[in-house]
> 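Please find one structure pasted underneath; my questions will follow.
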Amino acid sequence: MAEVIDFKDIDRKWQTRWEKDNASHAPDRPRPDKAYYCLVMFPYPSGHLHMGHVRNYTIADVLVRYKRMNGHDVMHPMGWDAFGLPAENAAIKHGTSPKDWTYSNIAHMREMLKGLGISYDWRTEIATCDPDYYRWNQWIFLKMFRKGLAYRKEAAVNWCPSCQTVLANEQAQDGHCWRCDSEITQKNLAQWFFKITAYAQQLLDGHSTLEQGWPPEVLAMQKNWIGRSEGAEVDFAVAPDAHVQGTPTIRIFTTRPDTLFGATFMVLSPEHPLVPALTAPDKKKSVDDYIVLSKKKTTQERADLSKEKSGLFIGAHALNPVNGKRIPIFIADYVLMSYGTGAIMAVPAHDQRDFDFAKKYDLPVITVIQPPEARLPDPLTEAHEADGILVNSGPYDGLTADAAKEKITADLERRKIGSKAITFKLRDWLLSRQRYWGTPIPIIYCPTCGTVPVPEKDLPVRLPDSVQFTGKGESPLAQTDSFVQTVCPTCGGKARRETDTMDTFVDSSWYYTRYLDPKNSDRPFDPGKANAWLPVHQYIGGIEHACMHLIYSRFFHKILRDEGLLTSDEPFANLLTQGMVTLGGSAMSKSKGNVVEPSEVIERFGVDTCRMFILFAAPPRAQLEWSPQGVEGMWRFLNRVWRLTDKLSGSSQPGAAADPGLNELQIKTHQTIARVSRDIEKDFGFNTAIAALMELVNVLYGLNESQWKSAEARFAVETLVKMLFPFAPHMAEELWEKLGNTRPLSLSSDLWPKADAAVLGKSEVEYPIQVNGKVRDHLRVSPDLSQAEVLERAKAQPRAQEFLKGQTIVKEIFVPKRLINFVVKPKN
RNA sequence: GCCGGGGUGGCGAAAUUGGCAGACGCGCCAGACUCAAAAUCUGGAGCAGCUUUGGCUGCGUGCGGGUUCAAGUCCCGCCCCCGGCACCA
């Protein structure tokens, strides 16, 4: 009797069939109100598909299949984030070519992905290392170059001695290379930057449109990353001194212009351009030493709060612009040239870090803000950073801090020594990489004409194939003469190519538009095609990309919009950040030896079991702990569903009208439709949707032989199979066919069931009856009974009677369809 | 230190957003089927105490208070865990 189901066979059968039917093909143009573009963060072709990928793609596939069944036009593309370090490392280690290594990984991973039965439109497939793709990186770069949004500057950058490459600050973790973990040192190089700071305000403003569909914590992280501060810039005149030439001023940025009277010293970044001119002759030696020392430190080290702050008086003073007091000027490496103006006024009474610094160097502390209701101790034991009322501030005494900010700034503005100012923490995007396996930056350096952009007609600037990989010295491109030597497009003279390639985040910043027109050889994409689908309706990926990738692509979207290619302001309308897959509490990794191979699970149980387990074990956002027993449990559930369909008889008749069991089944079926639909649509509740399907299955197992012959039973089973389709598509197709249907579920656009409100309304309501908040009895009533009738019956229940006896009812609480509570107190 | 997220049975989790805490599943226990086991089907169980074995009573969502007829959910104050960080000048 126990039939052994060959899930693998069913997987293969339907994957072949779907491919033949073009079941996953997106329409050329979606209907405007029916478009659904579901995007997953495309994989790096490492050669291995891990469980995190499977989870990501399964979540997306559920949504996509559900949307298709509901009549949407769906775009579900797949491609490869194919440039990057591992290919180059493999080249160094094994002598392979990065190109061959990458493309063979892609071929392997494509096969594994196809085995998952995810419904991708493979016609969209792109690989970012393909010249047909990266030429458009170059094209976009040139557009930005012409607008001044791509520029070159000498800057202190993070240098990884092992990778021999520059890392953006964002890519340096705890002073170590994010990929190879080597300690980072500082080095000055001329680098290419994208001026993302020009879009800082727009990136922030865009949050108002994203609030609907993005997790609030991602928006909070981005907001902090962009880091807008409102305040004032104020010019401090340097006090005349024998060694000071002219009348220099130091511009500072402060968020607290209200505390200006409390500024008792200034601190400049050691790199500040005025430092050499202001340093007194007898301080020169120690200042130079300090600068050398701070250059050795990484930004990370300088930013480490646990380390004691060091500083050095440079032998010059400034004049506080509001009261003319002479205040000493220090340099300290915790002040960074990259934020604000690289100089601060220090107000120890109202900034804890300044307070600590003042204590260490014995500098005066002047309280200028008092809290409204208390008085601060004198001397202060810690800084008072909160708001309050101004004191010791001359004409501003008595003002609130907020009012004082306005008034002091306005007065400074009148005197032309200050103004309102806004700064951002966001820094320009350093895109230069001294690597081979990336997009060449399309720039030529001509001894006569200078920096010359490669003409568009000469794109793509191709990566040369024959390149040496030693892992040492300059980038392989810089060592390849045939690449470097060229002629100037302007004067025709001998010239050199830029040998830096682009950060791979450039590739992933606009790939979602290329999917929509992947073969276009005239433009990155056709605006008509792209705008028909964009913005992406659902983007799914890991939260680790909250700040970099997800800000960079928002920036690029706005760039492409301003180029006239896109009409929308934001690339991704809705974002789902999925949790990690763990085993034994930590993320699966080869080094920990806790990897579960997707291929092994699929080989043993079939794809649907793997999908169902992943979807059921935790909600998508939460961490997912792998459980081999849980997987087996899910396999048993699918077998249990299969056996249900064996119980249906060929010809189903409407059941006896008065059969309460069938009545209950009918109600349960419609309740399940309502629940599953709601759970999918509302917050990706796939785990509870599957739980609802399990409950329906449990009810069906309670049917007797004659009930199995009923139309109600058939309806319930067919409905179950339809609703199973997004979660376990292979098996659902097989069962659908087994039930006698010829048109596959994958081709349907109207088969998702609808709950019948009339049937739902027939369901009885069970009320808990509470007395003083404790449940004492239960009452089942028809839903159309009035409140008064329900309460009457509740009071008449025997157990309720027991607890109401001798009591006065003070209050009757009735919450429709929820509960009844009698608040009582003893009679006298 | 700052920012973000979280703490519910033996385990993964659920709770329609203030309304019966623990749905659904894993694991466990028991029964049916079987010579037996597996598979399958059926049933049981938060913890503790009492019990005339029908049940009854208390306690329970990290800890301590509070608001409310009613708190996992709201408020105040703590503790712990996870993730992120670029000294918000």
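Protein chains get the first letters and strands the later ones, always in sequence-line order, with residue 1 at the start of each. This one's a predicted model, so the numbers in the text were calculated from it and none came from an experiment.
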> How many Å lie between CD on A/Gln623 and P on B/rG12, as a whole number?
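In whole Å, B/rG12 P and A/Gln623 CD are 10 Å from each other.
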> Take atom P in B/rA23 and the same atom in B/rG46, then report the distance between them in whole Å.
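Approximately 9 Å lies between the P atom of B/rA23 and that of B/rG46.
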> Give one of base, sugar-phosphate or nothing for A/Pro216, where a contact means two heavy atoms less than 4.0 Å apart.
nothing
> B/rC3, B/rG4, B/rA89: which one has an atom nearest the side-chain heavy atoms of A/Asn224?
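When the side chain of A/Asn224 is considered, B/rC3 is the closest of B/rC3, B/rG4, B/rA89.
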> What residues, two or more places apart in sequence or in another chain, satisfy salt bridge (charged side-chain N to carboxylate O under 4.0 Å, His left out) together with A/Arg776?
none
> Could you give the CD-to-C1' distance, from A/Glu802 to B/rC56, as a whole number of Å?
10 Å
> Give the dot-bracket string for RNA chain B, reading 5' to 3', where a pair is Watson-Crick or G-U wobble with both distances under 3.5 Å, ( ) marks pairs inside the strand, [ ] marks pairs crossing earlier ones, | marks a partner on another strand, and . marks unpaired.
(((((((..(((......[....))).(((((.......))))).(((((....)))))..(((((..]....))))))))))))....
> Looking only at side-chain atoms of A/His778, point me to the closest of B/rG58, B/rG12, B/rC20.
B/rC20
> Output all residues satisfying salt bridge (charged side-chain N to carboxylate O under 4.0 Å, His left out) with A/Arg621, sequence neighbours left out; order by chain, then residue number.
A/Asp683
> Output all residues satisfying salt bridge (charged side-chain N to carboxylate O under 4.0 Å, His left out) with A/Glu664, sequence neighbours left out; order by chain, then residue number.
none
> Which nucleotide in the set B/rC41, B/rA89, B/rC87 lies at the smallest distance from any side-chain heavy atom of A/Arg643?
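Looking only at heavy atoms from C-beta outward on A/Arg643, the closest nucleotide is B/rC41.
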> Between the protein and nucleotides 49-55 of chain B, which nitrogen or oxygen pairs come in under 3.5 angstrom?
none

> Quick check on B/rG84: syn or anti? Syn means the glycosidic torsion is within 90 degrees of zero.
anti
> Output the single nucleotide from B/rA89, B/rG5, B/rC20 whose closest atom is nearest the side chain of A/Val335.
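Minimum distance to the A/Val335 side chain belongs to B/rA89.
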> On a whole-Å scale, what distance lies between the C1' atoms belonging to B/rC63 and B/rG6?
16 Å
> Would the distance check show the side chain of A/Thr255 and the main-chain N or O of A/Gly231 forming a donor-acceptor pair, the cut-off being under 3.5 Å?
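A pair under 3.5 Å: no.
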> Looking for any heavy atom pair under 4.0 Å, which part of the strands does A/Tyr701 touch: base, sugar-phosphate only, or nothing?
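Sugar-phosphate, backbone atoms only, no base.
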> Working note: A/Leu219 + A/Glu211, criterion side-chain contact (heavy atoms from CB on, under 4.5 Å); need CA distance, chi angles, decisive distance, verdict.
CA-CA 8 Å; A/Leu219 292 179; A/Glu211 268 161 17; 4.1 Å; yes
> Rounded to whole angstrom, note down the C1' distance from B/rG22 over to B/rC47.
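Here B/rG22 and B/rC47 have their C1' atoms 13 Å from each other.
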> State which of B/rA86, B/rA89, B/rC87 makes the closest approach to the side chain of A/Phe253.
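Of all the options, the side chain of A/Phe253 is nearest to B/rA89.
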> Base, sugar-phosphate or nothing for A/Phe803? Non-hydrogen atoms, less than 4.0 Å.
sugar-phosphate
> Would you mind reading off the distance between A/Leu575 atom CG and B/rG4 atom C1', rounded to a whole angstrom?
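Taking atom C1' of B/rG4 as the reference, CG of A/Leu575 is at 15 Å.
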> Would you please confirm or rule out a distance under 4.0 Å between OP1 or OP2 of B/rC20 and any side-chain N or O of A/Tyr767?
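The answer is no; no side-chain N or O of A/Tyr767 sits under 4.0 Å from OP1 or OP2.
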> So does A/Leu760 get a backbone contact from the side chain of A/Gln671, meaning a donor-acceptor N/O pair under 3.5 Å?
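Answer holds: no.
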> Can you confirm whether or not the ring centre of A/Phe613 sits under 6.0 Å from the ring centre of A/Trp626?
yes
> If I pick the P atom on B/rG9 and the same atom on B/rU73, what distance separates them, to the nearest angstrom?
15 Å
> Check nucleotides 23-26 of chain B against the protein and report each pair of N or O atoms closer than 3.5 Å, with its distance, or say if there are none.
from   : atom 1 : to       : atom 2 : distance (Å)
B/rA23 : O2'    : A/Glu695 : OE2    : 3.0
B/rG25 : OP1    : A/Asn698 : ND2    : 3.2
B/rC26 : OP1    : A/Arg636 : NH2    : 3.1

> Report the residues that fulfil side-chain contact (heavy atoms from CB on, under 4.5 Å) with A/Ile809, sequence neighbours left out, ordered by chain and then residue number.
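Counting only residues at least two positions away or on another chain, A/Ile809 forms a side-chain contact (heavy atoms from CB on, under 4.5 Å) with A/Lys795, A/Leu804, A/Glu812, A/Phe822, A/Val824.
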> Report, one pair per line, the protein and nucleotides 66-69 of chain B atoms (nitrogen or oxygen only) whose separation is under 3.5 Å.
from   : atom 1 : to       : atom 2 : distance (Å)
B/rC69 : O2     : A/Asn821 : ND2    : 2.6

> Is the A/Tyr552-A/Phe194 ring centre distance short of 6.0 angstrom?
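When the ring centroids of A/Tyr552 and A/Phe194 are compared, they turn out to be at least 6.0 Å apart.
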> Which pairs with one or both residues in residues 667-702 of chain A pass ring pair (Phe, Tyr, Trp, His ring centres under 6.0 Å), sequence neighbours excluded?
A/His670-A/Phe715
> Can you check whether A/Tyr361 and A/Phe313 have ring centres sitting under 6.0 Å from each other?
no
> Using whole Å, what does the distance between atom P of nucleotide B/rG12 and atom CD1 of A/Ile614 come to?
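Taking atom P of B/rG12 as the reference, CD1 of A/Ile614 is at 18 Å.
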> Rounding to an integer number of Å, can you tell me how far A/Met612 CE sits from B/rG12 P?
21 Å
> Under 4.0 Å between any heavy atoms, over every strand shown, what does A/Glu812 touch: base, sugar-phosphate, or nothing? Just pick one.
nothing
> Taking all non-hydrogen atoms of both residues into account, name the closest pair between A/Ala318 and A/Phe236 and its distance.
CB-CB, 4.2 Å
> Under 4.0 Å from OP1 or OP2 of B/rU57: is there any side-chain N or O of A/Arg776 that close?
yes
> Starting at atom CD1 of A/Ile551, determine the distance to atom P of B/rC85, rounded to an integer number of angstrom.
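These atoms are roughly 12 Å apart.
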> If you assign A/Trp635 and A/Ala343 each to the RNA chain B nucleotide with the nearest heavy atom, which residue ends up on the more 5' nucleotide?
A/Trp635
> Under the salt bridge (Lys or Arg N to Asp or Glu O under 4.0 Å) definition, can you give me all pairs with a residue in residues 668-679 of chain A, not counting sequence neighbours?
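Counting only pairs at least two positions apart or across chains, the salt bridge (Lys or Arg N to Asp or Glu O under 4.0 Å) contacts touching residues 668-679 of chain A are A/Lys668-A/Glu695, A/Arg675-A/Glu695.
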> For A/Asn687, check side-chain contact (heavy atoms from CB on, under 4.5 Å) against everything at least two apart and list the hits.
A/Pro619
> Is the base of B/rG72 syn or anti, if syn means a glycosidic angle within 90° of 0?
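What B/rG72 shows is an anti base, its glycosidic angle lying more than 90° from 0.
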> Over all heavy atoms of both residues, which pair between A/Ala343 and A/Leu268 is shortest? Give the atoms and the distance, please.
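That would be CB-CD2, 3.4 Å.
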> Taking the same atom, P, in B/rG5 and in B/rA21, what whole-Å distance lies between them?
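One P to the other, the span is 29 Å.
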> Syn or anti for B/rU53, with syn set at within 90° of 0?
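Anti conformation here, the glycosidic angle of B/rU53 being more than 90° from 0.
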> Who pairs with A/Asp235 by salt bridge (charged side-chain N to carboxylate O under 4.0 Å, His left out), at least two apart in sequence or on another chain?
A/Arg251
> Which nucleotide, B/rG58, B/rC3, B/rC56, lies nearest any side-chain atom of A/Arg799?
B/rC56
> Nearest to the side chain of A/Asp351 - B/rA89, B/rA14, B/rC87?
B/rA89
> Sub-3.5 Å donor-acceptor pair from the side chain of A/Tyr290 to the main-chain atoms of A/Ser310, do we have one?
yes
> From CG of A/Leu624 over to C1' of B/rC11, roughly how many Å is that when rounded to an integer?
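Taking atom C1' of B/rC11 as the reference, CG of A/Leu624 is at 14 Å.
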> Suppose you measure atom P in B/rC20 against the same atom in B/rA15; what distance do you get, rounded to whole Å?
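Their P atoms lie roughly 13 Å apart.
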> Select base, sugar-phosphate, or nothing to describe what A/Ser229 touches, counting heavy atoms under 4.0 Å on all strands.
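If one applies the 4.0 Å heavy-atom cut-off, A/Ser229 turns out to touch a base.
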> When the distance from CG of A/Asp683 to P of B/rA14 is rounded to whole Å, what number comes out?
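Result: 11 Å.
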